[in-house]
Each structure stands twice: as structure tokens, then as C-alpha cells.
Amino acid sequence: MTSSLRGFVATSYCLLPIAYCLFSPHTARMIRWGIIGCGDVTERKSGPGFQNARDSALVAVMRRDGAKAADYAARHGVPRWYDRVEALIHDNEVDAVYIATPPGSHLELARQVAAVGKPALIEKPMARNHEECLAMIQAFRVAGIPLFVAYYRRALPKFIRVKSLLDDGAIGRVLSVAVTLHYKPGQYDRNHLPWRFRREESGGGLFVDLGSHTLDLLDWFFGPIVRAAGFAANQGGQYEVEDAVVLAFEHATGVQGTGSWHFNASRDMDRIMIEGTAGAISVPTFWTDPIQLHRAGHTEYFDIPHPPSIHQPLIQTVVDQLLGRNTCPSTGDSAARTNWVMDQVLATFNR
């Protein structure tokens with residue numbers, strides 16, 4: 001391991017979340033949220049979570065198109081809407097900000113939120129690259145306030161069960177993990193590509209958008225990845241960013257892994273296969289298939305559904321940390337490690 005990588009891993013460990021209380025539990029009983037970028041992800045996945053989490057309220061939303069912001073506010077019962085970022089972040093009744101825009105704008109928006117002294121929850125991937133992640137972390141460290149990232153699978157009951165099985169030794173000592181995410185190709189107009197396929201806005205393609213979820217889960221399950229190498233390519237020619245990635249990696253804990261992400265495949269496939277000395281666990285990242293625990297010649301199934309607002313459990317952990325009750329498992333520091341891993345395989349392709 002190089003000295004620079006040792007320093008990165010050591011820093012990642014020492015920056016793991018500690019209890020942080022923004023408001024005294026004796027003087028405040030609710031976190032009031034404002035959303036920057038009330039687009040599709042906020043309609044069901046996250047927006048209702050801010051309203052339904054305990055001691056949480058959604059009080060303001062912002063979108064550059066004021067008419068769309070007003071429509072969202074009316075449909076979701078949000079008291080105020082804005083068409084300027086500055087108006088929302090300076091709203092005295094907004095305690096914390098959720099940034100739900102494409103990654104290309106995350107760094108600048110995060111800096112603005114940190115400058116006014118408010119905590120932020122930022123959509124994943126955290127930024128377009130690891131360098132931007134570090135700049136965001138520094139802005140919030142200087143401000144002395146916490147930064148969270150919406151890798152919500154860390155708080156979902158399904159994946160909490162997987163982590164519990166691993167931590168309890170259900171498959172013995174974990175040896176390796178193999179990730180497969182294959183999808184049939186979509187049809188895209190190169191002249192009107194969604195933001196996920198425009199590098200200046202997304203930082204990459206579907207590997208960055210979807211693969212980051214799995215890499216973050218592996219970081220949570222097994223600790224930081226300290227070595228990573230692989231290949232990225234564009235095999236379909238429908239856009240310029242990567243559509244095929246193969247990756248080999250190793251965690252600080254010794255767990256070794258491989259990953260295959262292909263978005264021009266002949267069939268769809270979604271699986272994380274974890275091998276141990278006494279069994280194996282199989283679970284999808286995105287599909288709703290049950291967890292499969294294979295050991296002693298038998299397979300046990302755990303069918304654990306997701307909540308209607310899939311972000312809500314993670315939002316609850318953020319609220320609880322801000323009110324001094326617990327800690328959130330997904331921070332800027334943990335999320336930056338996932339960007340570092342993706343950078344290792346995309347560095348040559350993006351030149």
C-alpha cells in the first residue's frame with residue numbers, strides 16, 4: 001500500500017461520524033428541512049420521508065423553474081417555495097438542507113449551504129469525483145457542521161439484516177464478494193441525453209449512478225476499499241460515458257472482490273454474492289428479491305420489503321443525529337471513499 005493511500009485510509013477511519021447535536025434537545029424538538037432541486041427523486045423516494053420522519057418537517061422547496069416549485073409545494077403541502085438557492089438557504093425557518101440536484105452542482109451548492117452554517121444531506125453520488133468530495137468535506141469541517149450523503153441503503157431493514165448476518169458470523173469469516181449488475185440497453189437520443197449520461201453533470205454513466213450504491217454498501221459491510229483497479233469502456237456507442245466496467249478490489253479487512261457492471265447486456269441481472277468460510281449470502285442491490293443465506297446444504301430466505309419512502313429510514317438517522325439522539329451511518333467521509341474507488345477505474349477512460 002502506498003504512503004498516500006495509507007494516509008487516505010487512515011483519514012477515512014478517523015473521520016467516521018461522531019455524535020453531533022445541532023440543537024439542544026431541550027430547546028428544539030424538530031428539524032425543519034428545505035430541498036434544493038425538487039425533481040423526480042423527491043416525489044416519492046425522499047420528499048415524503050422528510051414529512052413523515054419523527055421530529056422532521058419539510059417547510060420549503062426550491063427549483064429554478066418557479067412554476068414547478070410552486071406546483072410541488074402545493075401537491076405536497078409544503079408551506080413555501082423559492083426559485084433561487086439563496087432565498088431557501090437564508091430562510092431562518094430552514095434548519096437543514098437536502099441537495100437533490102445532479103452531481104455537477106453539488107460542490108458549489110454544498111459550499112453555499114456550509115457558508116450559512118446549516119447541515120446538508122446531499123444526493124448520491126456525492127460529487128463527480130473524489131477531489132470534489134474532499135473540497136465539500138473541508139467546507140463543512142471549517143464550518144463545524146455535519147455533512148450527510150443519501151446512500152439510504154445503509155438504513156434499510158433489508159440491508160441491516162445482511163450486515164447483522166455478516167457481523168454475527170452466519171457464514172463464518174468473509175472471504176470474497178462478487179457483484180453483478182447487468183441491464184439490457186436502453187434507447188437514447190444522443191442529442192437529448194438525460195443528465196446521467198452527460199459527464200459534466202453526472203461525472204460518468206450508469207456505473208457512477210447505480211454502481212455507487214453497491215460500492216457504498218460494500219464499504220459499510222466490510223470497511224473501506226484500499227486497492228482497486230479495472231477497466232471501463234463504451235461498447236454500445238449511444239453516449240460518450242462508460243457503459244461497461246469490470247473492477248477488482250480489496251478491503252482493508254482483507255475481503256477481496258470483483259464487480260461487473262454492463263448496460264448493454266442480453267439479460268438483466270442484479271446480485272451481490274458474499275462467500276464465507278461457512279456459507280454464502282446472496283442479495284440484490286436494486287431488485288426486491290429476498291436475501292438468500294446458503295449454509296450447511298440449506299438455503300434460508302429473508303423477504304424484507306422496503307418502506308414506501310425509501311429514503312425515510314436514513315432521513316430519520318440524520319434527524320436523530322442533529323437532535324443528539326444517535327448517529328447517521330452515511331457521511332461525507334464514507335461517501336467520498338466510494339468516489340475514490342470509482343475514480344480508480346474511470347481515470348483512464350475519462351482522459
Measure the [atom1]-[atom2] distance between [X] and [Y] for me, rounded to the nearest 0.5 Å.
X      : Y      : atom1 : atom2 : result
Leu88  : Asp83  : CG    : CG    : 11.0 Å
Arg199 : Asn129 : CZ    : CG    : 11.5 Å
Lys45  : Ser309 : NZ    : OG    : 10.5 Å
Glu275 : Leu175 : CD    : CG    : 8.0 Å
Leu293 : Phe302 : CG    : CZ    : 5.0 Å
Arg64  : Arg84  : CZ    : CZ    : 14.5 Å

Check the hydrophobic clustering (I, L, V, M, F, W, Y; side-chain heavy atoms under 4.5 Å; chains of links allowed) and say if [X] and [Y] are grouped together.
X      : Y      : value
Phe286 : Trp261 : yes
Ile99  : Trp195 : no
Ile225 : Leu210 : yes
Phe249 : Val246 : no
Ile160 : Leu156 : yes

Any heavy-atom pair between the side chains of [Y] and [X] that's under 4.5 Å?
X      : Y      : answer
Thr101 : Leu109 : yes
His106 : Glu132 : no
Pro313 : Pro307 : yes
Tyr151 : Pro329 : no
Leu215 : Leu247 : yes
Thr42  : Val61  : no
Val255 : Phe221 : no
His262 : Met269 : no

So which atom in [X] and which in [Y] form the shortest heavy-atom distance, rounded to 0.1 Å?
X      : Y      : value
Gln344 : Ala228 : CB-O, 3.7 Å
Pro119 : Leu322 : CG-CD2, 3.8 Å
Glu123 : Ala150 : OE2-CB, 3.7 Å
Cys38  : Ala69  : SG-CA, 4.2 Å
Val226 : Ala252 : CG1-CB, 3.7 Å
Pro146 : Gln321 : CB-NE2, 4.4 Å

Check: [X] side chain, [Y] main-chain N or O, donor-acceptor pair, under 3.5 Å:
X      : Y      : answer
Glu242 : Gly205 : yes
Arg128 : Pro103 : no
Gln316 : Arg54  : yes
Lys118 : Val97  : no
Asn234 : Val241 : yes
Arg190 : Gly237 : yes
Ser282 : Gln292 : no
Ser330 : Val149 : yes
Asp270 : Thr285 : yes
Arg32  : Glu93  : yes

For [X], does the [atom1] atom have more than 12 heavy-atom neighbours from other residues, nucleotides or ligands under 6.0 Å away?
X      : atom1 : answer
Lys163 : NZ    : yes
Arg161 : CZ    : no
Asp65  : CG    : yes
Glu43  : CD    : yes
Lys68  : NZ    : no
Glu240 : CD    : no

Exercise. Report yes or no: do Thr288 and His306 form a side-chain donor-acceptor pair below 3.5 Å?
Key: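 Short answer, no.
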Could you label the plane-to-plane angle of the [X] and [Y] rings as parallel, tilted or perpendicular, counting under 30° as parallel and over 60° as perpendicular?
X      : Y      : answer
Tyr188 : Phe197 : tilted
Trp287 : Tyr183 : tilted
His311 : Tyr152 : tilted
Phe50  : Trp33  : tilted

Quiz item: Which is it for His76 and Leu58 under the side chain to side chain contact (heavy atoms under 4.5 Å, CB included) test, yes or no, and what are the steps along the way?
Solution: CA-CA 9 Å; His76 291 274; Leu58 178 58; 5.6 Å; no
Exercise. Go through Val341 and Leu218 one step at a time and tell me if the side chain to side chain contact (heavy atoms under 4.5 Å, CB included) criterion holds.
Key: CA-CA 11 Å; Val341 175; Leu218 300 184; over 6 Å; no
Practice problem: Apply side chain to side chain contact (heavy atoms under 4.5 Å, CB included) to the pair Leu346 and Phe207, showing each step before the final yes or no. | Solution: CA-CA 10 Å; Leu346 294 178; Phe207 169 66; 4.2 Å; yes
Self-check item: Residues Leu107, Arg111; criterion side chain to side chain contact (heavy atoms under 4.5 Å, CB included); working and verdict
Solution: CA-CA 6 Å; Leu107 174 57; Arg111 282 172 165 163; 3.8 Å; yes
Quiz item: Is Arg325 salt-bridged to Asp55, cutoff N-O under 4.0 Å?
Solution: yes
Quiz item: Quick one: do Arg63 and Asp71 make a salt bridge, cutoff under 4.0 Å?
Solution: no
Self-check item: Residue pair Arg154, Asp216: steps toward the salt bridge (charged side-chain N to carboxylate O under 4.0 Å, His left out) verdict
Solution: CA-CA 8 Å; Arg154 289 184 179 230; Asp216 177 76; 2.9 Å; yes
Quiz item: Which of these, Asp209, Thr338, Asn339, sits in a side-chain hydrogen bond (donor to acceptor under 3.5 Å, both in side chains) with Lys124?
Solution: Asp209
